[in-house]
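As structure tokens, the structure follows; a few thoughts come after it.
Below, read A as the first sequence line, B as the second, and so on, with proteins coming before strands; counting in each chain starts at 1. Everything quoted here is computed from the prediction, not taken from an experiment.
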Number of protein chains: 6
Amino acid sequence: MKVLCVGEIMLRLQPKGYKKIVQAKEFDIFYGGAEANVSVSLSNFGLDAWFLSKVPNNPLGDSAVNSLKELGVNTSLVVRGGERLGIYYSEKGAAQRPSTVTYDRKYAAFSEMDFSEIDLDKALSNTTWLHFTGITPALSEKTEELTLKLLKAAKQKGITVSCDLNYRKKLWSQEKAKVVMTRLMQYVDLLISNEEDCKDVFGITADNSCIEDGKLSVSGYKKIAEEVSKEFGIKKIAFSLRESYSASTNGWAGIYYDNGVCYESKQYKVELVDRIGGGDSFGAGLIYGNLMNKSPQETLDFAVAASAIKQTIEGDYNLASVKDVESLMKGSGSGRVQR
Amino acid sequence: MKVLCVGEIMLRLQPKGYKKIVQAKEFDIFYGGAEANVSVSLSNFGLDAWFLSKVPNNPLGDSAVNSLKELGVNTSLVVRGGERLGIYYSEKGAAQRPSTVTYDRKYAAFSEMDFSEIDLDKALSNTTWLHFTGITPALSEKTEELTLKLLKAAKQKGITVSCDLNYRKKLWSQEKAKVVMTRLMQYVDLLISNEEDCKDVFGITADNSCIEDGKLSVSGYKKIAEEVSKEFGIKKIAFSLRESYSASTNGWAGIYYDNGVCYESKQYKVELVDRIGGGDSFGAGLIYGNLMNKSPQETLDFAVAASAIKQTIEGDYNLASVKDVESLMKGSGSGRVQR
Amino acid sequence: MKVLCVGEIMLRLQPKGYKKIVQAKEFDIFYGGAEANVSVSLSNFGLDAWFLSKVPNNPLGDSAVNSLKELGVNTSLVVRGGERLGIYYSEKGAAQRPSTVTYDRKYAAFSEMDFSEIDLDKALSNTTWLHFTGITPALSEKTEELTLKLLKAAKQKGITVSCDLNYRKKLWSQEKAKVVMTRLMQYVDLLISNEEDCKDVFGITADNSCIEDGKLSVSGYKKIAEEVSKEFGIKKIAFSLRESYSASTNGWAGIYYDNGVCYESKQYKVELVDRIGGGDSFGAGLIYGNLMNKSPQETLDFAVAASAIKQTIEGDYNLASVKDVESLMKGSGSGRVQR
Amino acid sequence: MKVLCVGEIMLRLQPKGYKKIVQAKEFDIFYGGAEANVSVSLSNFGLDAWFLSKVPNNPLGDSAVNSLKELGVNTSLVVRGGERLGIYYSEKGAAQRPSTVTYDRKYAAFSEMDFSEIDLDKALSNTTWLHFTGITPALSEKTEELTLKLLKAAKQKGITVSCDLNYRKKLWSQEKAKVVMTRLMQYVDLLISNEEDCKDVFGITADNSCIEDGKLSVSGYKKIAEEVSKEFGIKKIAFSLRESYSASTNGWAGIYYDNGVCYESKQYKVELVDRIGGGDSFGAGLIYGNLMNKSPQETLDFAVAASAIKQTIEGDYNLASVKDVESLMKGSGSGRVQR
Amino acid sequence: MKVLCVGEIMLRLQPKGYKKIVQAKEFDIFYGGAEANVSVSLSNFGLDAWFLSKVPNNPLGDSAVNSLKELGVNTSLVVRGGERLGIYYSEKGAAQRPSTVTYDRKYAAFSEMDFSEIDLDKALSNTTWLHFTGITPALSEKTEELTLKLLKAAKQKGITVSCDLNYRKKLWSQEKAKVVMTRLMQYVDLLISNEEDCKDVFGITADNSCIEDGKLSVSGYKKIAEEVSKEFGIKKIAFSLRESYSASTNGWAGIYYDNGVCYESKQYKVELVDRIGGGDSFGAGLIYGNLMNKSPQETLDFAVAASAIKQTIEGDYNLASVKDVESLMKGSGSGRVQR
Amino acid sequence: MKVLCVGEIMLRLQPKGYKKIVQAKEFDIFYGGAEANVSVSLSNFGLDAWFLSKVPNNPLGDSAVNSLKELGVNTSLVVRGGERLGIYYSEKGAAQRPSTVTYDRKYAAFSEMDFSEIDLDKALSNTTWLHFTGITPALSEKTEELTLKLLKAAKQKGITVSCDLNYRKKLWSQEKAKVVMTRLMQYVDLLISNEEDCKDVFGITADNSCIEDGKLSVSGYKKIAEEVSKEFGIKKIAFSLRESYSASTNGWAGIYYDNGVCYESKQYKVELVDRIGGGDSFGAGLIYGNLMNKSPQETLDFAVAASAIKQTIEGDYNLASVKDVESLMKGSGSGRVQR
């Protein structure tokens, strides 16, 4: 089953260990981006994952594409050209010191990609599922148009569409995001979000009666989901729930609303190795569960377990296999050595 | 006091930090093996530790031997020759992602070592103690025979013998292990194990009345020890108790059955640096306590403290000195800086 | 506002990660020292920080000075000459294994610095604050004299003086420390300490009625502060409170006695990256709060937050900015990613 | 144009820089093998390169396959299973100290691959060229049979076949090599060799009249080629000419016999970065030139330039593009910076 | 003596050793730029070097500034703001494989710096010398205007001006460069160039009678200098002469035309460590010689020796001291160990 | 055959690659010293090498001793105690930039070792050969006395004594060196030197008639040897001949005067990896040749080949085996890969 992910892939540069950028004499190199990360997860789950993007025709572009090919993602839809590969610099925090991300993604090749550079028939042929996130239309008017046209064509071909809201305040305002994302929601079958994104983008939130111990209750998430579902006609809505105890340790869980019913996962306490890409691997788990016709509860549990493992792996990409995820779901979380 | 340890030493290759093997562009190099690890611990405790094994006549064999010589182990009984040095690849896990070990130890020089390559008189001269683990006879029929002959000769010379059960399901079946290990038990004075090994090898376990909060109670361990003692005539039996909260943090304790009395240690909560070799350093602590004529409780406490420290040290070898261990036993565990 | 810090700067050598020195094939290089660390903190807080010291005229001396210049500290008062740069070797501990420090600082250039090498007028011109620690007079009779003369001159010019007791038993005896530090206390306006230092140097401690749950109570610290204040006429006394759960995780808080009133901070649970320099950054926070005319409670909270962040940063120097510290004071401690 | 390469791929472990294995605490990781290296070269030249082999179903096997996928080689013919991935350890020499290779490749999955595991129709469909080296039949009787059957099938389908003699004395005797390779030569269209291999395998060499200044003359190589051509009916025979001044600097050139005419290349003086894989990239250049219908002289020049560049690149794989090679052929060898 | 350098500073990212970008998992980090490099050289020669530029208000901007402060360059004229720090990626070549530079410097903060952001009086107060290169006006119309206004103001204040032509074809066309640089030449007292730059920018070159053995003769350089001098009224013109034997080894020399007389240096054969910044350190040597009133021959010899040393040092910055340079001029070039 | 080497062992710290100390954020760690290096060479040649010294009772002392034990040197005569381990910092030069050594060895444990700490009978029992260098008596009056007493005792027991002049101007003056070394020469059987040392220490040099092409001729060396032999009654005198083309490439040869006859070796051109320890490994080769009763020419050739290999190996220790050296002597110097 072919799944197509559309978006930007960036170079990620990070000082070693817990060093800050001003201390760094070397950067570790990773490549990643919200939709690229989903494509890798799906390829590692055994699906036929494709990535559509644009990267410059230089060694950085080569390296970004190679990082996907290495893990089995089909990159034949990645157009080569444009000025530069976007970059983000990350610093790994600890305890009271937060991790930080500094973006240098403006003028990136994908953000200036024109819809005319895509061969629609080739891109969507034999495609079962299309995935994008709110970052893609936020990058530029060109990518906004590109997203809209792709979604329309996908819908015509009966392709299922998933969207991770992924609101980025440095890319666009809440007002602009609301207008654009509202227009796109009509094509979306599965929406992935968290409490903040729904509020930031659509202004949809739960009232105070749903706050327990300072956290939104399950019924609160259900209310948000119901409102989103009602407004946009989306049947499946998932929320990842991160509880930040410190920059070193987080709680991680999920809630999944499927055709009016709300499912809740267990919460993992994760001693973080690299939390970047956690939400993307959650989305990939949901797509996998749906494509495999798992039950909603199994789908959610799979997505939460998969994304918990991701956060123990360095880099943006989730390297967990289906076997790894199922093993955690069956209780291997105590971490005994596998010999 | 000369202590002789007999077994395989391997090359251990591990990606840096929390990287997985598929991400690795470099491996950290360690050398280790159950009995080699014990010999290093004992050398660091100030004893005259010897290691008997066979490694190939190439730079890998040189390096394995050098790693022991560097830490004071006498390697003059290590025979050179054979085809290859066994390897194991380890990945360090975190949180919900377990650490993994991938073996490539087949056809290793030691596994094909013939008993005729050992000069018994030289090997056992002036020896007070002989140590081996269940891995040694499991490797091949040759090493099974070699173990048996060494134990017989040791017994005749009045040498005390210790054995760590160390059942490895990839090396032999439970049926085969039971037959062989049962034959060897008659020569053993101190048996080191955990709950699983006794069950896997001898089928000896405690009944449900000994399970409290999902864990085996002290009385449960005592029952197992009594049964083992009765069946094989072994007076001293020790169990290491690992409680795996996650791949990052474990509880660590021990129980020691000595001539009918059962002793219990405190439990350490260990933020793991490298848990491999934890059991071996527990065994070394028990041997040290016995050779130093410490009381059973002191022996156990020393062994548990020594092996807790091991798990904060990188590599298979425990580098803790007697002073380090005693300092922890006296309460330095809070980790204040030693200036 | 110019702040002058006087003391030794050393080369710090540390094995990578959790390696012990006997395992190390490479050392990470840092530069630091109690007073140098304070100067860097203050420079990062935007003050005009100067450092007065002496380092040898070789590449090690160059590197130590460069490490300060890089972060904006004015080093024009650092004299070049003498035999060697002092060194300290550190090992990072974990869990039950304590971090260790091995000193090789004898015969260092600063310890043999003669008072005549300082141009007092230049050194103290336009200076608002002078900072030193108990290490400086402990190094040698020369630095003892140098400290005394600097303090006298500072007092005459109306410069505020702060002192961190920093008792080091390898440098001098408690008897000697008491004599010398008592003589210096008359010039001190702000004293920074912890429970042990006050006891080790002045023999001042609280009685048992102030111990709760094995820890000194706030009222106990107040009693110590009152006694110190009474004996030496010092109006401001601050204590850092470290609770060592293990070598990996500590509690961190502070108490500040200001003109008869005692202020208490919240406690941070810190998953340690590098605890060395924690106390120095606490001192720097107190100096900053006083220079900025913050209230005593704000001053203390700032100092504790700043020094909590320090312990998540590698190396002796605190790289936190005022914005970083204030962000933590306002509740960012949960460690969410800053994008 | 699909080119199929058949052979073993190994894990290569090498100490950093000029360290010897006995000094190493870490290994750099590369993957490579004579035929795998050719497939990567061809993929980098823009051809549709396929690799047929067998690797174990563990993370080492995954990594070997990923290293090929990353660079665009089609690995869908790589069978998964068997016991282990072969390993070779390399030490980089300098000046008078030779580079060394220590093999640990016995019992590798590919060496035990059975012909029945190959789907001949799938493997050879749409294939223009088949490449193997003398290592493949040397590994075991199974791979000898596998090679023979593949060649026969290839011939029936009209596929062009190239063979690099690559005699390895640790794998088989000269007698055995002669018998087997002679049987295979009838299927070979392009033979790649050097002076030693032709002598070691076939006993074919030039007489003393062809030695000038201690080196074999062009006419000497021509005589060898004519004899090989006559004996086995091979029309195209290429020799790589390495002149070892030291382990740091080599001369590199080639001679190409094509249908009775002998072509000679210029010689490059190469300051070596990594000479391993030099011969393989020479072979890949010859295959490329033939497939592109270049003239014999152009084909040779391309192959020599490509393989000169390889020896300035770390790892077994040649990363040079056609553009890189042609740029060197046009005179960029002076090494001016390309901005 | 205050020297002001005006230009861009960039982040430089380079794979370790001889790795190519597509192989890299980590980048070494350097900071540099033509004029920044000159400022560091001059600071290391003991002059009061200032740098005027603009870098973004983020950790990359901090790091670029810190790299200059660390080495004593006064950065108080560096404006903070704008979008991004320019980047260049470099690959270190060897033998036949050229080093490469991939630029990603568009939209950098300095290229969008407005002249109004400079306080002319502050910037040029007490200034003896102003240095810029052809890169600065090439970046944008804003920096073209900024350069022009600075030069005019400098001339009015009697400040000596030096310019390194540094033609970059990726930044502007030869036509545009000719127009702009011609306009700027009237303010220039010392012009630094090589044969190509004079030809590319001004179309000035020597005729064939000046070519000996494929290289331009000294009289050829003299003719070019005379023509440049006549056309622009510049009295001092220097040429660096690089002879590229390979990417590993270069010849390095210089020619200096001073008031009608032509001086020639010896040629160094340099086994390259990092050739980037070689030309900049040549320029810095010329400025130093002029400011120190050295004779033209001494000035040239100093500049050539300084820049030869630079090419044995990693990174863009020349760390050589006057003592190092003079030692080489006196014959230390044989490389005996200095103890 | 037991050979005893007496001297200091130091910690050596060196920036990675070609980095300068002021650029370094990490140091590579080696241990070495003139006599320690000889002991390692001899152990690697299969002799029973012992080292006598004193190192502090801390992890640095442990590491220094471990580095010798690892390579088979008997360290049971190394006394533990004293203040510190001496250090030297080295920078690796290239081309025109010389390598540098910065010493920090004052107050080292061995330099303060008292003769009374040695048990003469134990130290010299069964000893065939004693080796020291001019550094040992130069360190302090204590080590001067210790050297003298050891030599006397050795002579009484008929032990052969070798001495490498190794003049270090930072340790003592030429006048002092002459007095002390002259006193010691009466006990020396084999003297190792170079042209400079004989001149610096004894003022013995050849006249101008022996200079050819700027280098001392063989007959010049012979004259020096004859004069030394006449003055001190030493029968065997060896000179190493280093020709420094640059910091990257050296010529290396030797001359050996044995009972009135002068032998000359071939010269190796060495692309240097690490030249430190070259002279020590030359000395070790001479000792080995003498102990093995090789002819003077063979002895010299062995020593020169061994020390050429050393300079291609990182660190102070020569890791070459007898087989490696003999292989080079037989012509393997062209650097072909050893498979």
request  = Let me see the working for N58(F) and Y103(C) under side chain to side chain contact (heavy atoms under 4.5 Å, CB included), right down to the final yes or no.
outcome  = CA-CA 10 Å; N58(F) 66 18; Y103(C) 287 108; over 6 Å; no
query = Is it the case that more than 12 heavy atoms not belonging to K178(F) sit under 6.0 Å from its NZ atom?
reply = no
inquiry  = Just checking K25(C): does its NZ atom have more than 12 heavy atoms from other residues, nucleotides or ligands closer to it than 6.0 angstrom?
reply    = yes
With rounding to the nearest 0.5 Å, note down the distance linking [atom1] in [X] to [atom2] in [Y].
{"X": "L11(F)", "Y": "L13(C)", "atom1": "CG", "atom2": "CG", "value": "7.5 Å"}
{"X": "D62(F)", "Y": "I21(C)", "atom1": "CG", "atom2": "CD1", "value": "9.5 Å"}
{"X": "D104(C)", "Y": "I87(F)", "atom1": "CG", "atom2": "CD1", "value": "5.0 Å"}
{"X": "F27(C)", "Y": "F27(F)", "atom1": "CZ", "atom2": "CZ", "value": "10.0 Å"}

ask   = Of the listed residues (R84(F), E91(F), K106(F)), which shares the most heavy-atom pairs with chain C below a 4.5 Å separation?
value = R84(F)
task = Quick one: closest heavy-atom pair of V22(F) and S63(C), and the distance?
result = CA-OG, 3.4 Å
Between [X] and chain C, which part of the residue has a heavy atom less than 4.5 Å away: side chain, backbone, both or neither?
{"X": "Q23(F)", "result": "neither"}
{"X": "F30(F)", "result": "neither"}
{"X": "D28(F)", "result": "both"}

remark   = Okay, E83(C) and chain F: the region with an atom under 4.5 Å from a heavy atom over there is side chain
